[in-house]
Q: 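I am attaching a structure below and will ask some questions about it afterwards.
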Amino acid sequence: MSEKNIILKSSISGILLAFLLLFFLPESRTAGYENVPRLNPNCPPGFKRNADNECIAQSLYMQYDSPNNKGVGGLQTGLPEIRDGFSPQEIDLGRYLFFDPVLSGSGTISCATCHDPKKGFSDGLPTSIGHNGQQLKRAAPSLWNVAFLKKLFWDGRASTLEEQLKGPLFSEEEMNNTPESLLKTLNEIQEYRAFFAEAFPKRRAEDRIELNEVYRAIAAFQSSLLSLNSKYDRYAHGYHEALNEKEIEGMNVFRSFIARCAECHTPPLFTNQQFAVIGTPEPDGLPLDPGAEIPFNDKTLRGAFKVPSLRNIAKTAPYMHSGNFSTLRETVEFYTKGRGHAVPEDEDIILHWHIWDPQLSDYELDRLVDFLNTLTDETFMPRIPERLPSGLKPSI
Ligand code: HEC
Ligand code: HEC
């Protein structure tokens, strides 16, 4: 066969193939969803899949049998109970939803807009910006290790991830969606229909997407964000060369009965999951944030906030519920400026007894910052989806 012929033949078959694709591909995309991409069948790193297709978290800490609600968090204290057991497909579907701005009323805001992986799943702002540029009252917390938390939000007003995420989804200040319109939008996207059918195999493929499935998938993804392999962790597991001398000095200040940091920020999660009134300032001109007083209807909790975990703290500036401190140095200095120094004069709040006047030196404050910088670990950073079922760009 001459070269010309080959070229002719191959271009004819090329055209034929293009026609075949044009006519048959869209067909098979809708019928039975054969040609849509599949969800990842493997658990994310840090998890092991069991016989029931559930991802179970794995960490050296889980081999230590002293639970962290006892004592002040010695090096080999166990972790609190974790919310795991989601399927790989639920987690992967949640990853798409988390980054997809189609979840918001305007189609421009995703969870990742305020919980950006590159900023420790926070947003780098003192307080977040929501729908139509509205400024929220509090800072966006990190989502690393959120699977361990018993209470969510700075004031603890939600107890599960599913309950929590209805807040941003349906608040007019944040994503400004409604349950009806969220479901309508998702059910119109064939690829999401296929993904939900794959992630929730007990239902029939033609069933419509339901709200509790949306909530569960996003909760599953968030629960997969583990950060437990920092320099500090390597030290705690016995590799003593993982921390240098200055970092060890900082750790000793942190754990001391003078600074008392570890009594609230208890290792290994670096929170005892309690609420404490420590008297942090609001930005100029703003009244005191009542914090946990409101949801718990308890005056003794006026100005109390959930003790935040300090993992990946180097990534999540600015700090505190109000985002009022821009650096870690400024944040640790707060603790040594005198008990209640930032509480408005007309406020009579009950400060926690561990908040006192430790009189830490500049050297000690610098070492505390060195130590806090050893709590960074992003090795299990999830991949941002390159494309989304909605066709929109991941909004971050
Ligand atoms: C407009 C910005 C914004 C958007 C969008 C947003 N969040 Fe948040 N998120 C915040 C802020 C601010 C807080 C703290 C509010 C408070 O405590 O009162 C928060 C708190 C949280 C918490 C509690 C963490 C903790 O430690 O208590 C979780 C979990 C969370 N968000 C997940 C999500 C998910 C999932 C979505 C998407 C459905 C989402 N967020 C969308 C700003 C946002
Ligand atoms: C009585 C309990 C308690 C003690 C003791 C304590 N903290 Fe805190 N810490 C908190 C609470 C509660 C917050 C959040 C307060 C707020 O947002 O207004 C916080 C916030 C922080 C933050 C900012 C976290 C973030 O995500 O913005 C850092 C950093 C921090 N503490 C470090 C320390 C260090 C270092 C010490 C020791 C010098 C210490 N803490 C002692 C309860 C405590």
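Each ligand, and each atom within it, is numbered from 1 in the order the structure gives. Both backbone and side-chain heavy atoms feed into the values below; hydrogens, waters and symmetry mates do not.
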Q: Just list the N/O pairs, ligand 1 to protein, that are under 3.5 Å apart, with the distance for each.
A:
unit_1	atom_1	unit_2	atom_2	d
ligand 1	7 (N)	His115	NE2	3.0
ligand 1	9 (N)	His115	NE2	3.0
ligand 1	17 (O)	Trp154	N	2.8
ligand 1	18 (O)	Arg138	NH1	3.0
ligand 1	18 (O)	Arg157	NH1	3.0
ligand 1	18 (O)	Arg157	NH2	3.4
ligand 1	26 (O)	Lys306	NZ	3.0
ligand 1	27 (O)	Phe153	N	2.6
ligand 1	27 (O)	Lys306	NZ	2.6
ligand 1	31 (N)	His115	NE2	3.0
ligand 1	31 (N)	Gln164	NE2	3.1
ligand 1	40 (N)	His115	NE2	2.9

Q: Give a yes or no on whether a salt bridge exists between Asp207 and Lys202, defined as a side-chain N under 4.0 angstrom from a carboxylate O.
A: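 Here Asp207 does not pair with Lys202 in a salt bridge, since their nearest N and O are not under 4.0 Å apart.
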
Q: List in chain and number order the residues that pass disulfide (SG to SG under 2.5 Å) with Cys261, two or more places apart in sequence or in another chain; answer none if no residue qualifies.
A: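 Expected list: none.
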
Q: Looking only at heavy atoms, is any part of Thr316 under 4.0 Å from ligand 2, and if so is it the side chain, the backbone, or both, or is it neither?
A: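 For Thr316, no heavy atom sits under 4.0 Å from ligand 2.
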
Q: Would you say the side-chain atoms of Lys151 and Ser159 include a donor-acceptor pair closer than 3.5 Å?
A: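 Side chains of Lys151 and Ser159: pair found under 3.5 Å.
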
Q: Can you check whether Thr280 has an N/O within less than 3.5 Å of an N/O in ligand 2?
A: yes

Q: Taking only heavy atoms of Ala276 into account, list the atoms of ligand 2 that are under 4.0 Å away from them.
A: 1 (C), 2 (C), 12 (C)

Q: Taking Lys299 first and then Asp348, would you say they form a salt bridge - that is, a charged N and a carboxylate O separated by under 4.0 Å?
A: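 Judged by the 4.0 Å cut-off on N to carboxylate O distance, Lys299 and Asp348 do not form a salt bridge.
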
Q: Below 4.0 angstrom from a heavy atom of Val332, which ligand 2 atoms are there? Numbered from 1 as shown, please.
A: 35 (C)

Q: Taking only residues two or more places apart in sequence, or in another chain, which ones meet Arg339 in a side-chain hydrogen bond (donor to acceptor under 3.5 Å, both in side chains)?
A: none

Q: Please state which part of Ile313 comes within less than 4.0 Å of ligand 2, counting heavy atoms only: side chain, backbone, both or neither.
A: side chain

Q: Assess whether a salt bridge exists between Arg203 and Glu210, defined as any Lys/Arg side-chain N lying under 4.0 Å from an Asp/Glu carboxylate O.
A: no

Q: Mind jotting down which residue pairs meet the side-chain hydrogen bond (donor to acceptor under 3.5 Å, both in side chains) criterion with at least one end in residues 82-101? Sequence neighbours excluded, please.
A: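 Of all non-adjacent pairs touching residues 82-101, those that pass side-chain hydrogen bond (donor to acceptor under 3.5 Å, both in side chains) are Asn53-Gln89, Arg83-Glu162, Glu90-Arg216, Asp92-Arg95, Asp100-Tyr192, Asp100-Ser390.
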
Q: Thinking salt bridges, do Arg138 and Asp289 make one under a 4.0 Å N-O criterion?
A: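 A salt bridge is present here (some side-chain N lies under 4.0 Å from a carboxylate O).
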
Q: So Tyr232 and Phe371, would you call those rings parallel, tilted or perpendicular, with 30° and 60° as cut-offs?
A: perpendicular

Q: Answer with yes or no after comparing the ring centroid distance for Tyr335 and His354 against a 6.0 Å cut-off, counting only values under it.
A: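 No, the ring centres sit 6.0 Å or more apart.
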
Q: Less than 3.5 Å between some nitrogen or oxygen of Met320 and one of ligand 2, yes or no?
A: yes

Q: Report yes or no: does His265 have an N/O/S atom closer than 2.8 Å to atom 8 (Fe) of ligand 2?
A: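 An N, O or S atom of His265 is closer than 2.8 Å to atom 8 (Fe) of ligand 2, so yes.
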
Q: Show me which atoms of ligand 2 lie under 4.0 Å from any heavy atom of Cys261.
A: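 It comes down to these atoms of ligand 2: 34 (C), 35 (C), 36 (C), 37 (C), 38 (C), 39 (C), 41 (C).
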
Q: Could you list the atoms of ligand 2 found under 4.0 angstrom from a heavy atom of His352?
A: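 Every atom of ligand 2 under 4.0 Å from some heavy atom of His352: 1 (C).
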
Q: Mind checking whether Tyr335 contacts ligand 2 via backbone (N, CA, C, O), side chain (CB onward), both or neither, at a 4.0 Å heavy-atom cut-off?
A: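 Answer for Tyr335: side chain.
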
Q: Hey, what's the ring geometry for His237 with Tyr61, parallel, tilted or perpendicular (30° and 60° as the breaks)?
A: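 Rings of His237 and Tyr61: tilted, 30 to 60°.
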
Q: Check each heavy atom of Glu263 against ligand 2 and say whether those closer than 4.0 Å belong to the side chain, the backbone, both or neither.
A: neither

